[in-house]
Amino acid sequence: MPEKGLFCGTNKPKDAANVTEFEKKHMPVVECPSEVKAGVPFQVKIKVGEIPHVNEEGHFIQWIEARFGENLYARVEFTPVFAMPEVVLTLVKHGKHDSGTLRIIERCNLHGLWETTKEIAIN
Ligand SMILES: [Fe+2]
């Protein structure tokens, strides 16, 4: 069976115990609290990636999105060379649920979508 292309779906490391250099350059690195209070703003620091991704006109990170489940909370677009794919977002989670999955998704113009998820408890 042929392997799926990088632009088919959202990419994650194939083996979480053995993340490749290529994967480390694309996976968003996310720093945020593991527990937040409903209705109280909190910060999410994001960069791409653990090994810095190139930032050239022909190969760059186009945007970063923050979602809880399918709900879009923020989207930041980047112009290559002039802006680094690093951002601090201030989000507010309201308390309909006890926890939520924060999904940070980035798009590389050559290598597609990459996602990092974090479970956040909501008090
Ligand atoms: Fe890339």
Side-chain angles (χ1 to χ4, degrees):
M1 180 187 291
E3 200 168 316
K4 81 175 180 72
L6 288 167
F7 283 94
C8 184
T10 303
N11 300 292
K12 291 184 176 181
K14 288 186 170 66
D15 177 1
N18 188 19
V19 180
T20 67
E21 187 173 318
F22 177 77
E23 292 165 338
K24 287 179 181 175
K25 288 179 178 175
H26 287 91
M27 289 296 292
V29 177
V30 181
E31 291 177 37
C32 66
S34 57
E35 192 174 322
V36 301
K37 289 194 184 313
V40 177
F42 63 96
Q43 292 197 319
V44 180
K45 186 177 177 185
I46 306 158
K47 69 174 183 176
V48 181
E50 181 182 331
I51 298 173
H53 187 276
V54 297
N55 188 14
E56 301 168 348
E57 290 180 4
H59 185 194
F60 65 102
I61 304 305
Q62 297 175 299
W63 48 257
I64 294 172
E65 282 184 354
R67 294 178 176 264
F68 271 96
E70 294 302 320
N71 297 329
L72 177 65
Y73 274 56
R75 179 185 171 110
V76 181
E77 296 193 37
F78 302 99
T79 297
V81 182
F82 298 154
M84 299 297 293
E86 300 179 9
V87 66
V88 179
L89 301 172
T90 302
L91 306 180
V92 184
K93 189 77 180 100
H94 293 279
K96 275 189 174 175
H97 307 283
D98 294 338
S99 66
T101 303
L102 175 64
R103 301 170 59 211
I104 303 298
I105 304 162
E106 66 90 352
R107 189 174 196 268
C108 166
N109 71 316
L110 294 184
H111 302 115
L113 300 174
W114 293 78
E115 178 178 293
T116 296
T117 60
K118 293 259 187 179
E119 293 303 315
I120 296 183
I122 303 147
N123 294 315

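Whatever order the structure lists them in is the order used to number ligands and atoms, beginning at 1. From a predicted model like this one, the values you see are computed outputs, not experimental measurements.
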> Look at the side chain of Asn11 and the backbone N and O of Leu113, then say whether any donor-acceptor pair between them is shorter than 3.5 Å.
yes

> Please report the interatomic distance CZ(Arg103) to OG1(Thr117), rounded to the nearest 0.5 Å.
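Going from CZ on Arg103 over to OG1 on Thr117, the span is 8.5 Å.
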
> Could you pull out the N/O/S protein atoms under 2.8 Å of the Fe ion (ligand 1), ignoring any water?
His26 NE2, His53 NE2, His59 NE2, Cys108 SG, His111 ND1

> Mind checking whether Phe68 and His97 have ring centres under 6.0 Å apart?
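No - the distance between ring centres of Phe68 and His97 does not fall below the 6.0 Å cut-off.
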
> Can Arg107 and Glu65 be said to form a salt bridge (charged side-chain N to carboxylate O under 4.0 Å, His left out), step by step?
CA-CA 9 Å; Arg107 189 174 196 268; Glu65 282 184 354; over 6 Å; no

> Any heavy-atom pair between the side chains of Thr116 and Val29 that's under 4.5 Å?
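The answer is no; the side chains never approach within 4.5 Å.
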
> Give, for atom CD1 of Ile104 and atom NZ of Lys45, the distance between the pair rounded to the nearest 0.5 Å.
14.0 Å

